[in-house]
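So the structure is just underneath, and the comments pick up after that.
No experiment lies behind these values; they were computed from the predicted model shown.
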Amino acid sequence: MKNHPAGFTMVELLVTIAIIATLGTLSFAGVRCAREKAKTVVEINAARNLVTGYLGYAAEHNGQVLAGYQTDPTATNLEGQLLEFPINARYPWRLAPSVPSVKGVLVFNGTEAVLDKKDRDYRVSAAPNLGLNATLVGGHFGSGSPLPPTARLIASYGKFYLSHLVESDDPGKLIVFASARSGKNQPGYFEVRSPNLTTRVWSSKSFTPESDAPDHGFVDFRWGGKAVVAMLGGNVEIKSEEELRDMRRWSHQAARANDREFMISKAP
């Protein structure tokens, strides 16, 4: 029998390296997937605590929900200091007394560092991880509102926003909070907007990480093409873009009309 030299041949060595590289890639992908799932769970738990606080606020105010955007001169930060506009108009610090904590509920998943910044109060108010369906739930009373609930507009369009819990016929499907972003690679925003209001709001193009935030109402489909949403009934779900293009999930009027493409229009 012929003697063969000990060790690997070049072909065997290359095959071994290829196998190790493949296993390493699969392992890295698995770790990354596990991390994303863990972050998703964190956001789901935060959304659950957030909507629990939101409903707690309503219970303390005879069923009236927190205004989506409205100046509150009594709003304070963690040290009890009074806050100025626009910080005291966005929902985070106005709702903070009703949630377990700011950390882990309003800011999380790598953004908790904002709590150590000098401009913390502003950052928390402007970019909580979950945005509020402010225009249609609670009402956006700010000067920059796409549809302010003034007496004149209500006379024209009817009561287009929900202000009390009893106004929803199906609270388990009405969105209050959703994963939000203020720009490309910038998670977090204080509000999210529905696909339609009096006109189309969302772009007809599908969401991508490169899309401009207003193109999809500041909703961030960051979890494998889905967003975490918290409903008025207290339930939390993960929904796709197609599911969230359904206006019946955003508007109690759309739900009553059973109209997926609902637009707010002037009363006859």
Side-chain angles (χ1 to χ4, degrees), residues 37 40-69 91-92 94-95 98-100 105-106 108 128-140 147 149 158-180 189-197 201-202 207 216-264:
K37 286 184 177 179
T40 306
V41 170
V42 170
E43 184 152 312
I44 289 172
N45 289 335
R48 187 172 291 116
N49 286 327
L50 191 57
V51 75
T52 297
Y54 185 87
L55 293 173
Y57 174 95
E60 294 173 358
H61 292 80
N62 298 317
Q64 181 173 340
V65 301
L66 183 79
Y69 186 102
Y91 88 83
R94 293 189 293 119
L95 186 59
S98 300
V99 299
V105 177
L106 294 171
F108 46 91
N129 281 60
L130 293 153
L132 177 63
N133 179 14
T135 301
L136 299 180
V137 177
H140 191 313
L147 195 65
K159 182 73 180 310
F160 57 83
Y161 73 103
L162 178 142
S163 59
H164 288 76
L165 295 177
V166 296
E167 292 174 359
S168 174
D169 296 333
D170 195 353
K173 291 184 178 179
L174 183 63
I175 294 171
V176 180
F177 297 100
S179 302
Y189 198 56
F190 64 90
E191 69 168 317
V192 287
R193 295 179 181 175
S194 59
N196 303 330
L197 286 172
V201 175
W202 289 21
F207 173 89
H216 295 84
F218 303 99
V219 178
D220 193 356
F221 296 94
R222 53 178 168 252
W223 307 119
K226 295 185 177 182
V228 171
V229 289
M231 314 299 185
L232 190 64
N235 50 310
V236 175
E237 303 174 10
I238 302 180
K239 295 296 183 183
S240 67
E241 178 184 344
E242 179 62 25
E243 290 173 306
L244 293 195
R245 283 184 178 273
D246 187 343
M247 278 299 296
R248 293 172 296 184
R249 294 187 174 276
W250 294 88
S251 164
H252 69 292
Q253 283 187 321
R256 286 179 181 173
N258 194 26
D259 186 355
R260 177 186 175 89
E261 303 295 332
F262 178 83
M263 283 191 186
I264 296 170

Next on the checklist: The test is side chain to side chain contact (heavy atoms under 4.5 Å, CB included); show your working for F177 and V236 and say whether it passes.
Outcome noted: CA-CA 9 Å; F177 297 100; V236 175; over 6 Å; no
Item to check | CA sep, side-chain torsions, deciding dist, call: L136, L197, side chain to side chain contact (heavy atoms under 4.5 Å, CB included) | outcome: CA-CA 9 Å; L136 299 180; L197 286 172; 4.0 Å; yes
Next on the checklist: Using the rule given for side chain to side chain contact (heavy atoms under 4.5 Å, CB included), can you reason through L130 versus E43, listing the C-alpha separation, both sets of side-chain angles and the distance that settles it, and then say yes or no?
Outcome noted: CA-CA 9 Å; L130 293 153; E43 184 152 312; 4.1 Å; yes
Checklist entry - Run the side chain to side chain contact (heavy atoms under 4.5 Å, CB included) check on N45 and F108 step by step: do they pass? => result CA-CA 11 Å; N45 289 335; F108 46 91; over 6 Å; no
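Pairs passing the ring-ring contact (aromatic ring centres under 6.0 Å, His included) check and including a residue from residues 236-263, sequence neighbours excluded, do not occur.
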N/O donor to acceptor pairs below 3.5 angstrom from side-chain atoms of residues 166-176, sequence neighbours left out:
from: E167; atom 1: OE1; to: K159; atom 2: NZ; distance (Å): 3.4
from: E167; atom 1: OE1; to: S163; atom 2: N; distance (Å): 2.9
from: E167; atom 1: OE2; to: K159; atom 2: NZ; distance (Å): 2.9
from: E167; atom 1: OE2; to: S163; atom 2: OG; distance (Å): 3.2
from: S168; atom 1: OG; to: D170; atom 2: N; distance (Å): 3.4
from: D169; atom 1: OD2; to: R256; atom 2: NE; distance (Å): 3.0

Output side-chain donor-acceptor pairs under 3.5 Å for residues 56-68, partner residues at least two apart or in another chain, one line each.
from: H61; atom 1: ND1; to: Y57; atom 2: O; distance (Å): 2.8

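Between E242 and R249 there is no salt bridge, since no side-chain nitrogen of the basic residue lies less than 4.0 Å from a carboxylate oxygen of the acidic one.
Within the model, atoms CG of L244 and CH2 of W202 stand 5.0 Å from one another, a figure rounded to the nearest 0.5 Å. I238 CD1 to K226 NZ: the interatomic distance, rounded to the nearest 0.5 Å, is 7.0 Å. Between R248 atom CZ and N258 atom CG the span is 5.0 Å, to the nearest 0.5 Å. Rounding to the nearest 0.5 angstrom, the gap separating the CG atom in D246 from the CG atom in N196 is 10.5 Å.
A heavy-atom distance below 4.5 Å is found between the side chains of D220 and F207. With contacts defined as side-chain heavy-atom distances shorter than 4.5 Å, the pair P128/F190 qualifies. In this structure the side chain of Y161 never reaches within 4.5 angstrom of the side chain of N133, judged on heavy atoms. Between F160 and P149, some side-chain heavy-atom pair lies under the 4.5 Å cut-off.
Nearest heavy atoms, V192 versus S179: CG1-O, 4.2 Å. Nearest heavy-atom pair across V201 and S194 is CB-O, 3.3 Å. Across all their heavy atoms, V51 and G234 have their closest contact at CG1-O, 3.7 Å. Across every non-hydrogen atom of V229 and A178, the tightest pair is CG1-CB, 3.7 Å.
No donor-acceptor pair closer than 3.5 Å links the side chain of R245 to the backbone N or O of E261.
When each of L55, N129, V99 is tested with L50 by the rule side chain to side chain contact (heavy atoms under 4.5 Å, CB included), just one qualifies, namely V99.
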